[in-house]
Amino acid sequence: MPISVEPTPATHLANEVATQPDDWARAETIAAEHRDILPRKGERVAVIGCGTSLFMSKAIAALREGAGHGLTDAWPASEVRSGREYDRYLVICRSGTTTEVVNAMREIPSHIPRTVICSSPGTPVLELGDPILIDEVDEQSVVQTRFATTALAILRWHLGEDLAPVIEQARAVLAEDPAVSLADVRHAEEISFVGMGLGAAIAEESGLKLRESCQSWTESYLATEYRHGPIAISAPGRAVWAFGPLVPNFAADIAGTGAQLRAPGHRPDGRSGPRPPALRAARGRSRPRPRPPAWPQSLGRPRSVSGPAR
């Protein structure tokens with residue numbers, strides 16, 4: 001079914017995507033106000049989360065180690081390795097009630113500091129660690145967007161990055177006409193997201209967003225691993241979307257498959273650009289679907305510790 005490019009009423013997802021540049025700007029103040037409970041340079045840190053929060057954990061780990069701030073591991077909350085010597089745990093949990101996260105926090109040795117970033121007041125995780133409550137970026141959509149990216153922005157500011165250029169880039173992207181800017185991927189049968197370091201984590205998250213919101217066929221890989229098997233699915237009518245600089249010969253390899261290569265957001269310093277383009281693709285591709293993109297099938301926001309994990 002063709003995807004309409006006519007204007008459609010705003011949705012929770014659309015509204016929450018649109019606030020992100022302002023949210024990232026406010027994150028600078030949040031980072032400064034909470035610097036004493038955020039990871040210090042030289043600390044050995046474990047970052048944990050589930051789903052989207054896990055991918056943000058991976059992004060933070062890549063950035064922190066890349067900046068020389070110390071060993072940083074990222075773990076799914078259900079698979080935190082015991083017996084490792086960490087100086088601090090950093091927990092990311094939007095709902096504040098995710099079973100795996102609550103259980104993991106209860107198992108952290110009592111003498112080890114733990115900081116939790118959450119957007120839901122009055123929830124269990126806030127009582128289990130030093131809280132950073134960012135309820136101004138809480139979401140009505142089941143699909144996470146601005147909470148996750150704001151949590152990442154807080155840590156990027158804390159690491160000493162200047163996000164002003166990224167924020168302006170996001171504003172520019174959101175001002176574009178998606179019928180034009182996303183024309184090369186709106187009708188793709190399949191999209192593979194790839195990247196390295198931070199870009200790899202963003203690739204995983206982008207693939208998840210399209211699967212959640214519009215049940216699209218998406219894959220995500222390290223760019224260097226894509227050619228070791230996954231490239232077999234590249235073909236005309238499909239797309240490869242890269243975050244960050246391309247690895248050598250990658251473009252030529254994709255060209256040989258006939259797939260469309262999209263590599264936006266490249267910057268001279270090697271950082272990937274913001275996520276809004278992929279999120280807007282999720283909105284555009286989801287419009288013909290029977291369910292709104294903000295409320296994917298089989299998913300819901302937990303309100304009790306025994307609820308579904310998000």
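Nothing fancy with the numbering, it's 1 onward along the sequence. Just so you know, these numbers come straight off a predicted model, no measurement behind them. Below, all heavy atoms of this structure are taken into account, side chains as well, without hydrogens, waters or symmetry copies.
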Side-chain donor-acceptor pair under 3.5 Å between E139 and T145, yes or no?
yes
Could you walk me through whether D130 and V116 pass side-chain contact (heavy atoms from CB on, under 4.5 Å), step by step?
CA-CA 6 Å; D130 295 320; V116 57; over 6 Å; no
In terms of ring plane angle, is the pair F250 and Y226 parallel, tilted or perpendicular, where the classes change at 30° and 60°?
tilted
Is there a donor-acceptor pair closer than 3.5 Å between any side-chain N or O of R64 and the backbone N or O of H69?
yes
Distance-only polar pair, side chains of T218 and S216, donor-acceptor under 3.5 Å
no
Could you go through C118 and I134, starting from their C-alpha distance and side-chain angles, then the distance that decides it, and tell me whether this counts as side-chain contact (heavy atoms from CB on, under 4.5 Å)?
CA-CA 6 Å; C118 179; I134 49 173; over 6 Å; no
Are any of the side-chain heavy atoms of S53 and Q144 separated by less than 4.5 Å?
yes
Keeping W157 on the side-chain end and W24 on the backbone end, is there a donor-acceptor pair under 3.5 Å?
yes
Rounded to the nearest 0.5 Å, what separates atom CD1 in I202 from atom CE in M196?
14.5 Å
Would you indicate whether the side-chain heavy atoms of E79 and P76 approach each other to under 4.5 Å?
yes
Should I233 and T257 be marked as a side-chain contact (heavy atoms from CB on, under 4.5 Å) after you check the CA-CA gap, both sets of side-chain angles, and the distance that decides it?
CA-CA 9 Å; I233 61 172; T257 70; over 6 Å; no
Point-to-point distance, once rounded to the nearest 0.5 Å, from OH of Y89 to CD1 of I48
7.5 Å
Would you say the side-chain atoms of T11 pair up with the backbone N or O of A14, donor to acceptor, closer than 3.5 Å?
yes
Of all heavy-atom pairs linking T123 and S120, the shortest is OG1-O, 2.7 Å
Main-chain N/O of I37 paired with R88 side-chain donor or acceptor, under 3.5 Å
yes
Exactly one candidate in I92, V80, V91, L128 meets side chain to side chain contact (heavy atoms under 4.5 Å, CB included) with V101; the answer is V91
In short, L208 meets G51 closest at the heavy-atom pair CD2-C, 4.4 Å
Quick check: do W75 and R84 have side-chain heavy atoms less than 4.5 Å from each other?
yes
Could you tell me the separation between the OG atom of S78 and the CG atom of N103, rounded to the nearest 0.5 Å?
10.0 Å
Could you tell me if R94 and S119 have a donor-acceptor pair between their side chains, going purely by distance under 3.5 Å?
no
Main-chain N/O of E16 paired with T19 side-chain donor or acceptor, under 3.5 Å:
yes
Just how far is it from atom CD of E65 to atom CG of L159, taken to the nearest 0.5 Å?
11.5 Å
Would R238 and E190 pass as an ion pair if we require N to O under 4.0 Å?
no
Between the side chain of E43 and the main-chain N/O of R40, is any donor-acceptor distance below 3.5 Å?
yes
Side chains of W217 and E219: do they bring a donor and an acceptor to under 3.5 Å?
yes
Between A259 and S234, the two heavy atoms sitting closest are CB-CB, 4.0 Å
Determine, step by step, whether V247 and V194 satisfy the side-chain contact (heavy atoms from CB on, under 4.5 Å) criterion, reporting the C-alpha distance in whole Å, the side-chain angles of both residues, the deciding distance to 0.1 Å, and the verdict.
CA-CA 10 Å; V247 297; V194 300; over 6 Å; no
Should the pair D184-R262 be classified as a salt bridge under the 4.0 Å nitrogen-to-oxygen rule?
yes
Side-chain donor/acceptor of T72 to backbone N/O of G70, under 3.5 Å
yes
Closest non-hydrogen atom pair between P113 and D87, with its separation:
CD-O, 3.2 Å
Do the side-chain N and O atoms of T52 and E205 include a donor-acceptor pair separated by under 3.5 angstrom?
yes
Would you compute the distance between atom CZ of R156 and atom OG1 of T150 and round it to the nearest 0.5 angstrom?
12.5 Å
Closest heavy-atom pair, S181 versus P178, reported as atoms and distance to 0.1 Å, is OG-CA, 3.4 Å
Please name the pair of heavy atoms, one in A104 and one in A77, separated by the smallest distance, quoted to 0.1 Å.
CB-O, 3.5 Å
Is any side-chain N of the basic residue among E204 and K58 closer than 4.0 Å to the acidic one's carboxylate O?
yes
Can you find a side-chain donor-acceptor pair between T98 and S95 that sits under 3.5 Å?
yes
Mind checking the CG-CD1 spacing from D73 to I60? Nearest 0.5 Å is all I need.
13.5 Å
Does any N or O in the side chain of S141 come within less than 3.5 Å of the main-chain N or O of V143, such that one atom is a donor and the other an acceptor?
yes
